[in-house]
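Following: one structure in structure tokens, then a few remarks.
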Amino acid sequence: MKIKIRKSTVLQMASWQQSARDTGARDEAELRRILSLPDYQVEYARYGDPNLPTCGITPEESVDFFLHFDEKSFDNPRLEYKKASFLEFYRDLDHRLEQLSVLDAITDDDIALVQSLLKNALPSAVFDSVEQITILFTISIGNSMGWPYGNYVHFDVANLDLLGDREAFLHVLAHEIHHILFPSLLPENMTPQQYFFANFAFEGLAMHFCNNASTIGKPGKYPGSSFCVDEPSWAFFEEQHRELICRALSDGEKARDMDFDQVRQLVGEYETFTFTSLKTGETRPVQQYPTYYIGCCLWGKIDLAFGKERLFDALGSENGFEETWKMLPDAWKND
């Protein structure tokens with residue numbers, strides 16, 4: 001697997017922002033020229049796909065954001081959520097750009113680490129199915145530190161401070177490439193119930209195999225620490241672990257009798273950056289939404305208990321999750 005890096009828009013957008021900061025003038029025509037470049041068009045294609053999470057940002061909304069992020073509120077909750085962290089980036093622009101140089105030169109050893117994580121997580125045929133991944137670096141308006149789309153993995157330079165060091169970056173890169181390859185493990189014509197559980201597997205197994213995340217009752221996949229697990233979010237979910245797991249399993253039962261529109265709405269209740277505790281009713285902001293934690297626990301336990309071949313079978317068969325979950329020892333299910 002070859003890994004190629006594209007970052008040609010970064011210096012152009014940084015120069016535009018430096019000029020805006022130093023002169024107080026924001027050149028809309030130049031901004032629109034930059035945002036029309038191919039790398040940003042990949043972003044807008046991804047943000048325009050209603051079937052993908054953390055999307056729903058149009059080109060015109062992003063123009064408005066870059067012109068006014070420090071002086072107004074935005075109707076789009078994705079942009080309103082982004083505003084505070086982007087303002088921090090803008091004020092610390094020169095230092096933040098230095099972080100990029102630590103992350104944007106991929107060595108053979110780096111590729112070997114990413115490959116080893118993915119080979120542990122996927123069948124050989126799936127791993128070998130993609131010849132090249134292109135990493136896009138842009139200064140952007142998204143909510144996540146990275147996302148996959150087609151054979152691209154995007155990283156928002158404005159969010160690089162969330163990644164930490166170089167090793168953490170490589171684990172997140174593996175996480176995002178896992179997302180690109182994961183759909184090959186799923187059947188083409190899923191039932192609504194399969195779709196429900198697959199959404200938890202999508203984020204949860206990437207966290208399990210690539211971030212080495214642990215949950216209550218499920219240790220990490222490998223010895224050592226986890227990578228890029230948002231500790232406040234994870235601690236919040238651990239406080240209500242039993243409630244979250246029971247709710248997900250109960251909703252999975254209900255999904256059997258739902259249509260796809262109903263299940264998508266149900267899945268959306270877990271894919272939110274503001275979550276209300278099932279125990280106390282307290283609402284908190286979270287950096288990683290509940291799907292990450294719940295999926296890591298449910299599907300990670302299946303891998304640790306039975307191995308990845310059984311895991312792949314469960315992902316690909318109609319009642320695979322439920323049948324395999326019932327096979328777990330009670331101690332694993334009741335943690």
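These figures come from a predicted structure and were not determined experimentally.
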Any donor and acceptor pair, going by atom type alone, linking the side chain of N212 with main-chain N or O of K221 inside 3.5 Å?
yes

Steps toward side chain to side chain contact (heavy atoms under 4.5 Å, CB included) verdict (L79, E61):
CA-CA 8 Å; L79 295 176; E61 285 178 316; 3.8 Å; yes

D27 side, atom CG; R32 side, atom CZ - distance, nearest 0.5 Å:
11.5 Å

Can you tell me if CG on D22 sees more than 12 non-hydrogen neighbours from other groups inside 6.0 Å?
yes

Does the side chain of Q193 pick up a donor-acceptor pair with the side chain of E322 at under 3.5 Å?
yes

Is it true that atom CD of E71 has more than 12 heavy atoms of other residues, nucleotides or ligands lying nearer than 6.0 Å?
yes

For residues 111-128, which residue pairs qualify under side chain to side chain donor-acceptor pair (under 3.5 Å), counting only residues two or more places apart or in two chains?
none

Within the supplied structure, the quantity of interest is the number of heavy atoms (other residues, nucleotides, ligands) at a distance under 6.0 Å from K4 NZ; does it exceed 12?
no

Using the ring centroid of each side chain, check whether F200 and Y270 are separated by less than 6.0 Å.
yes

Measuring centre to centre across the rings, with the benzene-like ring taken for any Trp, is W234 within less than 6.0 Å of Y293?
yes

State whether D49 and R46 are salt-bridged, where the test is any N-O pair (Lys NZ or Arg NE/NH1/NH2 against Asp/Glu carboxylate O) under 4.0 Å.
no

Using side-chain heavy atoms (C-beta onward) and a distance below 4.5 Å, is N199 in contact with E271?
yes

Please determine whether side chain to side chain contact (heavy atoms under 4.5 Å, CB included) holds for the pair I245 and L298, giving the CA-CA distance in whole Å, both sets of side-chain angles, and the decisive distance to 0.1 Å.
CA-CA 8 Å; I245 299 304; L298 295 180; 3.8 Å; yes

Could you check if a side-chain atom of L185 sits within less than 4.5 angstrom of a side-chain atom of L122, using non-hydrogen atoms only?
yes

Heavy atoms, side chains only, cut-off 4.5 Å: are L181 and S129 in contact?
yes

Pairs involving residues 81-91, ordered by first then second residue, that meet side chain to side chain donor-acceptor pair (under 3.5 Å) (sequence neighbours left out):
E80-K83, Y81-Q287, K82-D156, K82-N159

Hey, quick one: are L205 and Y222 part of the same hydrophobic cluster, counting side-chain heavy atoms closer than 4.5 Å, chains of contacts allowed?
yes

Please lay out, stage by stage, how Q194 and N319 fare under the test side-chain hydrogen bond (donor to acceptor under 3.5 Å, both in side chains).
CA-CA 8 Å; Q194 279 179 291; N319 299 312; over 6 Å; no

Does T23 reach the main-chain N or O of S19 with its side chain, forming a donor-acceptor pair under 3.5 Å?
yes

Might you point out which heavy atoms bring C228 and A168 nearest each other, and give the distance in Å?
SG-CB, 3.8 Å

Looking at the rings of H179 and H175, which for Trp means the six-membered one, are their centres under 6.0 Å apart?
yes

Taking a hydrophobic cluster as the set of Ile, Leu, Val, Met, Phe, Trp and Tyr residues connected by side-chain heavy atoms closer than 4.5 Å, whether directly or through intermediates, do L87 and V157 fall within one such cluster?
yes

Under 3.5 Å, is there a donor-acceptor pair linking the side chains of R284 and T274?
no

Would Y152 and W147 count as a ring pair (Phe, Tyr, Trp, His ring centres under 6.0 Å) here? Give the steps.
CA-CA 8 Å; Y152 295 95; W147 48 249; 8.5 Å; no

Contact check, side chains of Q17 and L93, non-hydrogen atoms, under 4.5 Å:
yes

Once rounded to the nearest 0.5 Å, what's the spacing between atom CG of L311 and atom OG1 of T324?
8.5 Å

Between R33 and Q12, do the side chains contain an N or O donor and an N or O acceptor separated by less than 3.5 Å?
yes

Going through the distances and angles, do V172 and F227 end up as a side chain to side chain contact (heavy atoms under 4.5 Å, CB included)?
CA-CA 8 Å; V172 172; F227 295 89; over 6 Å; no

M190 side chain near E318 side chain, heavy-atom distance below 4.5 Å:
no

Minimum heavy-atom distance F89-I139, with the two atoms named:
CE2-CG2, 3.7 Å

Atom CG in L67, atom CD in E28: separation rounded to 0.5 Å?
5.0 Å

Please confirm whether the backbone N or O of P59 pairs with a side-chain atom of S62, one donor and one acceptor, at under 3.5 Å?
yes

Return the set of residues passing side-chain contact (heavy atoms from CB on, under 4.5 Å) with E243 (not counting sequence neighbours), or none when no residue passes.
Q240, L278, K279

side-chain contact (heavy atoms from CB on, under 4.5 Å) partners for D109, two or more places apart:
T107

Please examine the side chains of R6 and I135, heavy atoms only from C-beta on, and report whether any two atoms are closer than 4.5 Å.
no

Before you tell me yes or no, could you show the steps for E43 and T138 under side-chain hydrogen bond (donor to acceptor under 3.5 Å, both in side chains), namely the whole-Å CA-CA distance, both residues' side-chain angles and the distance that decides it to 0.1 Å?
CA-CA 9 Å; E43 285 197 65; T138 68; 2.7 Å; yes

Between H208 and D303, do the side chains contain a donor N or O and an acceptor N or O under 3.5 Å apart?
yes

Would one find more than 12 heavy atoms of other residues, nucleotides or ligands at under 6.0 Å from atom CD of Q132?
yes

Evaluate the side-chain proximity of D110 to R166: yes if any heavy-atom separation is below 4.5 Å, no if none is.
yes

Kindly write out the residues that satisfy side-chain contact (heavy atoms from CB on, under 4.5 Å) with S8, not counting sequence neighbours, or none if the list is empty.
D39

What is the distance from atom CD1 of I106 to atom CD1 of I3, rounded to the nearest 0.5 Å?
6.0 Å

Output field: ring centroids F66/F86 closer than 6.0 Å:
yes

Sequence-distant partners of F74, ring-ring contact (aromatic ring centres under 6.0 Å, His included), two or more places apart
F65

Assess whether salt bridge (charged side-chain N to carboxylate O under 4.0 Å, His left out) is satisfied between K308 and D313, documenting all intermediate values.
CA-CA 9 Å; K308 66 180 183 180; D313 288 342; over 6 Å; no

R242 NZ/CZ over F237 ring centroid, <6.0 Å and within 45° of normal:
no

Would you check, one step at a time, whether the test side chain to side chain contact (heavy atoms under 4.5 Å, CB included) holds for L244 with F275?
CA-CA 11 Å; L244 282 172; F275 192 74; 3.9 Å; yes

Side-chain donor-acceptor contact under 3.5 Å, T276 with E282:
no

When every non-hydrogen atom of I34 is compared with those of Y40, the smallest separation belongs to O-CD1, 3.3 Å

Quick one: are L315 and F197 in side-chain contact, heavy atoms under 4.5 Å?
no

Between H241 and T215, is any side-chain donor less than 3.5 angstrom from a side-chain acceptor?
no

Indicate, with yes or no, if the rings of Y292 and Y289 have centres closer together than 6.0 Å.
yes

Given the rule that I, L, V, M, F, W and Y join up when any side-chain heavy atoms are under 4.5 Å apart, are F321 and M327 in one cluster?
yes

Taking N211 for its side chain and S226 for its backbone only, find out whether a donor-acceptor pair lies under 3.5 Å.
no

Answer yes or no: are there more than 12 heavy-atom neighbours, outside D259 itself, under 6.0 Å from its atom CG?
yes

Checking S250 side chain against C246 main chain: does a donor-acceptor pair fall under 3.5 Å?
no

